[in-house]
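Below is one structure, written out as structure tokens; the observations come after it.
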Amino acid sequence: QVQLVESGGGLVQAGGSLRLSCAASGSIISINTMGWYRQAPGKERELVATVIKIGSTQTTKYALSVKGRFTISGDNAKNTVYLQMNNLKAEDTGVYYCRFQSFGNVYWGQGTQVTVSS
């Protein structure tokens with residue numbers, strides 16, 4: 001199985017930046033998808049960004065609300081995925097969860113709180 005550990009959340013002013021990290025350990029396969037979801041109070045969890053890995057090849061996609069502001073990247077050697085969040089807005093506030101999927105098996109991190117003050 002796979003274990004995911006997230007870090008990098010915190011409190012930031014609107015317009016600021018944060019970088020989230022998710023380190024995966026366990027049975028890591030080179031063909032997988034890692035991504036970030038977030039959940040604001042009273043709302044359903046939503047996709048933020050994903051990176052699909054096929055060996056060393058990576059393909060990314062983003063939610064429209066974060067496109068141009070957030071960047072997802074992965075380090076295959078470290079089995080780590082990052083989410084660089086720039087120009088943060090108050091509506092970005094929520095718990096951010098790391099997600100790993102390989103061959104239908106899905107794993108979630110514990111979540112890290114991101115709070116953006118207006």
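If you're wondering where the values come from, they're calculated on a predicted model, not measured in any experiment. Numbers for residues simply follow the sequence, beginning at 1.
Under a 3.5 Å cut-off, the side chain of E6 and the backbone N or O of G111 do form a donor-acceptor pair. Side chain of R69 to backbone of N87: a donor-acceptor contact under 3.5 angstrom is found.
Residues R45 and Y97 have side chains in contact (heavy-atom distance under 4.5 Å, counting atoms from C-beta outward). Side-chain contact between Y96 and M85 is present, with heavy atoms from C-beta onward closer than 4.5 Å. For the pair M34 and C22, the minimum side-chain heavy-atom distance is below 4.5 Å. Using a 4.5 Å heavy-atom threshold, the side chains of E44 and E46 count as separate.
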Item to check | From CA spacing to verdict: side chain to side chain contact (heavy atoms under 4.5 Å, CB included), Y82, L20 | outcome: CA-CA 5 Å; Y82 305 94; L20 306 183; over 6 Å; no
Checklist entry - Given R99 and L47, is the side chain to side chain contact (heavy atoms under 4.5 Å, CB included) satisfied, shown in steps? => result CA-CA 10 Å; R99 180 182 182 270; L47 172 70; over 6 Å; no
Checklist entry - Can L18 and L88 be said to form a side chain to side chain contact (heavy atoms under 4.5 Å, CB included), step by step? => result CA-CA 8 Å; L18 286 173; L88 283 161; 4.1 Å; yes
Item to check | From CA spacing to verdict: side chain to side chain contact (heavy atoms under 4.5 Å, CB included), Q101, V2 | outcome: CA-CA 9 Å; Q101 180 176 0; V2 175; over 6 Å; no
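Judged by distance alone, the side chains of D75 and T80 never bring a donor and an acceptor atom under 3.5 Å apart. E91 and T93 are not linked by any side-chain donor-acceptor pair at a separation below 3.5 angstrom, with hydrogens and angles left out of the test.
In the hydrophobic clustering of this structure, V106 does not group with L4; members are Ile, Leu, Val, Met, Phe, Trp, Tyr whose side-chain heavy atoms approach within less than 4.5 Å, directly or through other members. Clustering ILVMFWY residues whenever any of their side-chain heavy atoms sit less than 4.5 angstrom apart, transitively, puts Y62 in the very cluster that holds V114. Taken together through direct or relayed side-chain contacts under 4.5 Å among Ile, Leu, Val, Met, Phe, Trp and Tyr, V48 and Y107 form part of one hydrophobic cluster. Hydrophobic clustering (ILVMFWY, side-chain heavy atoms < 4.5 Å, transitive): V66 and V12 are in one cluster. The hydrophobic cluster containing F70 also contains V81, counting ILVMFWY residues as joined when their side-chain heavy atoms lie under 4.5 angstrom apart, directly or transitively.
Using cut-offs of 30° and 60° on the angle between ring planes, the pair W108 and Y37 is perpendicular.
Within the model, atoms OG of S73 and CZ of R19 stand 6.0 Å from one another, a figure rounded to the nearest 0.5 Å.
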